[in-house]
Amino acid sequence: MAYIKSVVLPMISILEKAFSDSMLLIAEKPNMEFKIDTNGLLRTSTKERYDAYAVGIKSGFLSRNDVRRKENMDVIEGLDLYSYSLADVLYDPKSKTYQIFNKGEIASFEKGGGEKSETTN
């Protein structure tokens with residue numbers, strides 16, 4: 001990893017600048033640049049990635065589909081939910097509702113509300 005950071009990444013930066021300087025029109029240069037995707041070079045081991053994803057999902061800042069996107073996998077409908085510390089409360093950002101499974105209800109908390117919007121069975 002040290003070799004990649006100290007040798008390969010600086011060489012890639014030189015290539016990016018050379019591509020941008022020689023292949024873009026003058027009018028394009030202020031707004032565009034060439035960038036080489038180096039995510040594969042800097043990728044950690046599978047176990048380290050999966051451990052990090054588990055923390056992100058459990059902490060509520062990654063959905064299962066966020067993880068699937070990072071792993072270049074197709075998203076699955078219904079997996080864009082965010083888990084919170086209770087693990088049985090899920091937030092759906094599209095409908096702005098919380099699903100509270102241990103109470104069997106879905107609640108909306110928009111603008112300070114807390115009203116129960118529906119009950120599930």
Side-chain angles (χ1 to χ4, degrees):
M1 185 64 81
Y3 177 79
I4 290 172
K5 288 184 178 180
S6 64
V7 176
V8 176
L9 291 180
M11 290 172 68
I12 289 174
S13 293
I14 292 168
L15 284 172
E16 290 171 339
K17 183 170 179 358
F19 288 149
S20 295
D21 289 347
S22 64
M23 299 181 81
L24 293 175
L25 299 172
I26 293 172
E28 294 173 324
K29 289 182 181 181
N31 301 319
M32 300 175 86
E33 64 182 352
F34 277 86
K35 280 293 187 191
I36 297 172
D37 184 1
T38 58
N39 287 334
L41 288 173
L42 301 174
R43 191 171 251 185
T44 58
S45 72
T46 302
K47 181 185 180 337
E48 290 171 318
R49 286 195 327 275
Y50 288 2
D51 288 347
Y53 295 151
V55 169
I57 290 169
K58 191 174 225 176
S59 299
F61 64 87
L62 287 176
S63 73
R64 285 160 180 83
N65 271 338
D66 292 336
V67 171
R68 295 183 65 82
R69 285 182 198 96
K70 288 180 178 292
E71 289 293 313
N72 295 317
M73 299 170 72
D74 292 334
V75 297
I76 296 175
E77 189 172 333
L79 292 185
D80 280 315
L81 300 172
Y82 295 85
S83 185
Y84 286 90
S85 62
L86 295 175
D88 54 356
V89 177
L90 298 176
Y91 175 67
D92 184 349
K94 289 181 183 169
S95 65
K96 296 185 176 160
T97 59
Y98 291 86
Q99 297 180 19
I100 307 168
F101 294 108
N102 61 351
K103 291 186 166 190
E105 61 187 50
I106 297 175
S108 174
F109 293 97
E110 284 189 43
K111 296 182 183 175
E115 13 349 286
K116 181 169 56 169
S117 57
E118 61 184 83
T119 302
T120 61
N121 291 328

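With respect to Asp51 and Lys47, a salt bridge is recorded, a charged nitrogen being found less than 4.0 Å from a carboxylate O.
Leu15 and Ile4 fall within a single hydrophobic cluster, where Ile, Leu, Val, Met, Phe, Trp and Tyr side chains are chained together by heavy-atom contacts under 4.5 Å. Leu9 and Val7 fall within a single hydrophobic cluster, where Ile, Leu, Val, Met, Phe, Trp and Tyr side chains are chained together by heavy-atom contacts under 4.5 Å. No single ILVMFWY cluster, assembled from side-chain heavy atoms under 4.5 Å apart, contains both Ile36 and Ile14. With hydrophobic clusters built from ILVMFWY side chains whose heavy atoms lie under 4.5 angstrom apart, Met73 does not share a cluster with Tyr53.
Phe61 and Val55 get closest at one heavy-atom pair: CE2-O, 4.3 Å. Annotation for Glu16 and Phe34: closest pair CB-O, 3.5 Å, computed over non-hydrogen atoms. The two residues Arg68 and Leu79 come nearest to each other via the heavy atoms CD-CD1, 4.2 Å.
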- Item | Test log, rule side-chain contact (heavy atoms from CB on, under 4.5 Å), inputs Asp80 and Asp92 | CA-CA 7 Å; Asp80 280 315; Asp92 184 349; 5.8 Å; no

task = Report the C-alpha distance between Asp66 and Tyr82 in whole Å, list the side-chain angles of each, state the deciding distance to 0.1 Å, and finish with yes or no for side-chain contact (heavy atoms from CB on, under 4.5 Å).
result = CA-CA 10 Å; Asp66 292 336; Tyr82 295 85; 3.2 Å; yes

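Remark: Ser20 OG to Met32 CE distance equals 9.5 Å, nearest 0.5 Å. To the nearest 0.5 Å, atoms CG (Leu81) and OH (Tyr98) are separated by 12.5 Å. With rounding to the nearest 0.5 angstrom, the OG atom of Ser13 is 6.0 Å from the NZ atom of Lys35. Residue Thr97 holds its OG1 atom at 12.0 Å from NZ of Lys94, rounded to the nearest 0.5 Å.
Scanning for salt bridge (charged side-chain N to carboxylate O under 4.0 Å, His left out) contacts around Asp21 gives Lys17, with sequence neighbours left out. Arg49 is linked by a salt bridge (charged side-chain N to carboxylate O under 4.0 Å, His left out) to Glu71, counting only residues two or more places apart in sequence or in another chain.
Residue Lys29 qualifies as enclosed at atom NZ: its count of foreign heavy atoms under 6.0 Å is above 12. Crowding of Arg64 atom CZ: a count of heavy atoms from other residues, nucleotides or ligands under 6.0 Å not exceeding 12.
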